[in-house]
Structure formats: structure tokens, C-alpha cells
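Right, one structure below, let's go through it.
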Amino acid sequence: MEREKFGSKIGAILAAAGSAVGLGNIWRFPIQTGENGGAAFIIIYIVCILVLGLPIMISEFMIGRHTHANTAGAYRIMSNGSPWKWVGWLGVFTGWFILCYYNVVGAWTLHYAFLSITNAFQGVDAKDYGNIFNHFVENPWMPTLWLFLFIGIIHYVITRGVQSGIEKSSKLLMPALFVITVCLVICSVTLPGATRGLEFLLMPDWSKVTSSTVLKALGQAFFSLSLAMGCLCTYASYFDKKTPLAKSAVNVAAIDTTIAIMAGFIIFPSIFNIGMNPDEAGMGASLTFISLPNVFQQAFGAGSSLAAIVSALFYFLLFFAALTSSISLHEVATAYMSEEFKKSRKQSAMIVTATILVLGTLCSLSFGPLGNITLFGRNIFTLFDDFSAMVLLPVGGLLISIFAGWVLDKKFYQNEISNGGTLKTPYFRLLVFSLRYLSPVAIGLIFLDQLGVFKLFS
Ligand code: PFF
């Protein structure tokens, strides 16, 4: 049977951008920016993307497009039987592993969208938002039901195939996500006192920049661009041979960064409008599910329809972002099962879905009934999260950059990214330099930093 392809360049870019734009853009990037020097952090982040992120993204695209195979198959083909083939397998494992816990948060966004639409936050006291969230995640049934619904939606999209499932959903969800973001930015920046929020986000404060800021920016850039998880390689395996790799990578990175900055334009003006301190608002789950529902109620009129609409739009934004990222992760594992074990797409998707339902449920229950199961002081969810962020991603990124920089033949590489010499590649030397030297050193430093080696010395 002929292997599927994306039907258009724009479909391919939107799908890859869908993978990149995720929870990381909305619940992590804005707060990291605000706390680490505003525009100074954004500049460092963009440099990290240009100098370190793009070369790896282009390499992943190149490997996927050249081999037209799932990530494990792609590296096996590229490595000519050498042990480098394990890099592909690691990418598949990382994608699948992240999917297990990423879905859990995706499910929470659905629940909060539902609460917002039904105006359930009407009349809630500011101090009670924490209890609402804790009761929800500790409950054995509710988060599990939403998780099954969230995974069911992903499963449906994946079984429809590359063009009718992934591409079609990206063409629908990504523009919707953008429109929602613009609407929310307009609502937020027109609030009284919005400029203080924008100043907090954008005023460059170089005094806050330290070596650890650079490592944070780099870690965020890698996670946000979905590098080293097999997603980009798998999606690129559905690219047409003529798809320009560098240009597509620049487009994906630009969309990803724009949405991340716009998320800051939504969050900070609202937080400052109600006189809250960004430190109090927190980051990640506490920002998203405890502080922000309260912030939206207070900023847009407690109990009002506008507050309900803004809140619902925000959680749908998160839901769409999480959904397109989760779809890309599911596809990594499904393509692997289907091609490596010669199974139909439906059977493969079924197997992947079954495994993530089981492990996702365990992660979800680790906030409630399974909370006492811990290892290294972490519950199951945090173990999945930390192991992937601290070990799998840096190791994967490091191996990919060494493989692309040192092992792959340079003539072959240049021929691929220039589409057989038809495109100019003035950036090629910088790209190779980055893959050979800059990326391995930078990722090595992040790895040591995350393992706490630097803290040991300070
Ligand atoms: N890039 C996504 C984000 O910023 O949230 C994270 C992500 C993780 C995307 C895993 C895709 C993925 F497979």
C-alpha cells in the first residue's frame, strides 16, 4: 500500500506547528519570560531557537523526509546498521512516554472548558479555587473520564489517517487557536492597567540574566519546538520531496514563538489588572487551574457572561494546543507500530491507545488514590514528567545533534536541504558548526544543570 503524505505545504507546516504549540507555550513561556528579564529573555530564547533549535529541527525534518519511514525505521536506514539506529528508537520511546502524562493535563483543560461554559466559577471565592482544583484531581473518577474522552478524540483523529485526520484537524484547529489567541489578547490588553502587565513581560532587564537563564531559555526552546521526540521526524516522513526544509522549520518556529509571546499578552495584563503579583500566580498547573480562573472572573466581572466567555475561550485554547501536540505524539508511536510490526493503522492506533489509557490513568490517579506510590519523592505523574524532561529529551537532543553533525555525510546533507541544489543554503556552515559543537555543549550543560551537578558546586 502506498504510504500517505500531507496534501499541501501549508497542511504540513500547520501540523508541525500544531505539535510545537502546546501547553509549554501558554503555561510556561510567559511566566519564565516575566521572571527572567522580559525582553532580555525573549531575545536569548530567539537566539537559542535560531542557533541551536533550528539546526536540530532541520536535521529531524531531513531524516524523516529522506527516509519516508517512522522514526525508528528512519534512523535504521540512515545509520546503515550502526548502533546510531537506537536514536530513532529512543525518539519513539520518548514520544510515547511523554504522551502518557501530557494527556492527563489535556484532560484537565477539557474539564475546565466545561466548567467555564457552564459558568461554574460564578460566585466562587478567590481562596476556593485551589480547593476546586485539588478536589477535582484527587477524585478517582472525574479526571479519568475526561482523560478517556481526550484520548478518544486523539484516537479518532489518528485512525482517520494522515490527510483526513492529522492534516485536516490541524487546518481546523490551528487557525481556530490563532483566532482565539487574538480575541483573548484584545480582551486582555484593553483592561485598565494592562500596560503594567506588558511592561513586566517586555521591559528588558539584563540584570536578571545569568548563565542559568540561558539554560532555561534553551530547555524551553527544545521542549517548545518538540525536538527529540520523534514528532518532527515522523511528520516530515509525510512531507513531499519538494517541501523546503529550512523554510518550513523557520515557519514552525515563528508560529510557535508568536503564540508563546501572545500568551503572555493574555496572561499578564489580566494578572496585573486584579493587583495580583506574578509570583503569587505561579507557573504550570497552579497558574492555569488555580490562579487564572480567579483572575478571569475578577478582571472581566465576577459572574458575568464576559468572564465566562473569556475563561471558556482560554481553556479551549489550551485544549486545542494540547490536542494537536498529543496527536503528533500518538502518531510517532502509531507509525512505529504499523511499519515495524506490519500492522494496520487501526490496529496500531488501538495498541498505542490501550497502553496510554492504562499508563495515563495511573498518572492521573497519582494525584488521588495512587498518591502514596512514590519513587525519589515523586508521584507517578512527576516521575514521567521529570524523567522525560531531565533525561530523555536532553539525551535524545544530544545524540541527534552528534549524529547529524558528525556521522551524516555533509554532501548528502547539503544536497537534501537544498532539494538537490535547487535552493540556496548560505546558512549551511553555521548549521554544521552548531550541530557539531554548539548544540552538544549546550545540551550537555542543560543536562548537568538539571541533574543538579552545578548546584553541587555552588
Ligand atoms: N511542544 C509542546 C509544548 O510546547 O507544549 C510540547 C510537546 C510535547 C509537543 C510533546 C509534542 C510532544 F509530542
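Order of appearance sets the numbers: ligands from 1, and atoms from 1 within every ligand.
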Check: How are the rings of Trp108 and Phe381 set relative to one another: parallel (under 30°), tilted (30 to 60°) or perpendicular (over 60°)?
Finding: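 Geometry flag for Phe381 against Trp108: parallel rings.
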Check: Between Ala253 and Ile49, what is the shortest heavy-atom contact and its length?
Finding: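 Minimum heavy-atom separation between Ala253 and Ile49: CB-CG2, 3.9 Å.
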Checklist line | Any donor-acceptor N/O pair, Gln220 side chain to Gly24 backbone, under 3.5 Å | finding: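 Checking the backbone N and O of Gly24 against the side chain of Gln220, a donor-acceptor pair under 3.5 Å is found.
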Notebook entry, point to check: Judged by atom type as modelled, is there a donor-acceptor pair below 3.5 Å linking the side chain of Ser325 to the main-chain atoms of Ser19?
Noted result: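 Yes; at least one donor-acceptor contact below 3.5 Å.
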Margin query: Could you check whether any side-chain heavy atom of Val352 comes within less than 4.5 Å of a side-chain heavy atom of Tyr336, counting everything from C-beta outward?
Written below: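 The answer is no, as the side chains (C-beta and beyond) never meet within the 4.5 Å cut-off.
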Check: Can you check whether Phe320 reaches Leu317 side chain to side chain, under 4.5 Å on heavy atoms?
Finding: no
Less than 3.5 Å apart, N/O on ligand 1 and N/O on the protein: could you list those pairs with the distances?
{"residue": "ligand 1", "atom": "1 (N)", "partner": "Ser19", "partner atom": "O", "Å": "3.4"}
{"residue": "ligand 1", "atom": "1 (N)", "partner": "Ala20", "partner atom": "O", "Å": "2.8"}
{"residue": "ligand 1", "atom": "1 (N)", "partner": "Phe223", "partner atom": "O", "Å": "2.9"}
{"residue": "ligand 1", "atom": "1 (N)", "partner": "Ser224", "partner atom": "O", "Å": "3.0"}
{"residue": "ligand 1", "atom": "1 (N)", "partner": "Ser226", "partner atom": "OG", "Å": "3.1"}
{"residue": "ligand 1", "atom": "4 (O)", "partner": "Ala20", "partner atom": "O", "Å": "3.2"}
{"residue": "ligand 1", "atom": "4 (O)", "partner": "Asn25", "partner atom": "OD1", "Å": "3.2"}
{"residue": "ligand 1", "atom": "5 (O)", "partner": "Leu23", "partner atom": "N", "Å": "3.0"}
{"residue": "ligand 1", "atom": "5 (O)", "partner": "Gly24", "partner atom": "N", "Å": "2.8"}
{"residue": "ligand 1", "atom": "5 (O)", "partner": "Tyr102", "partner atom": "OH", "Å": "2.9"}

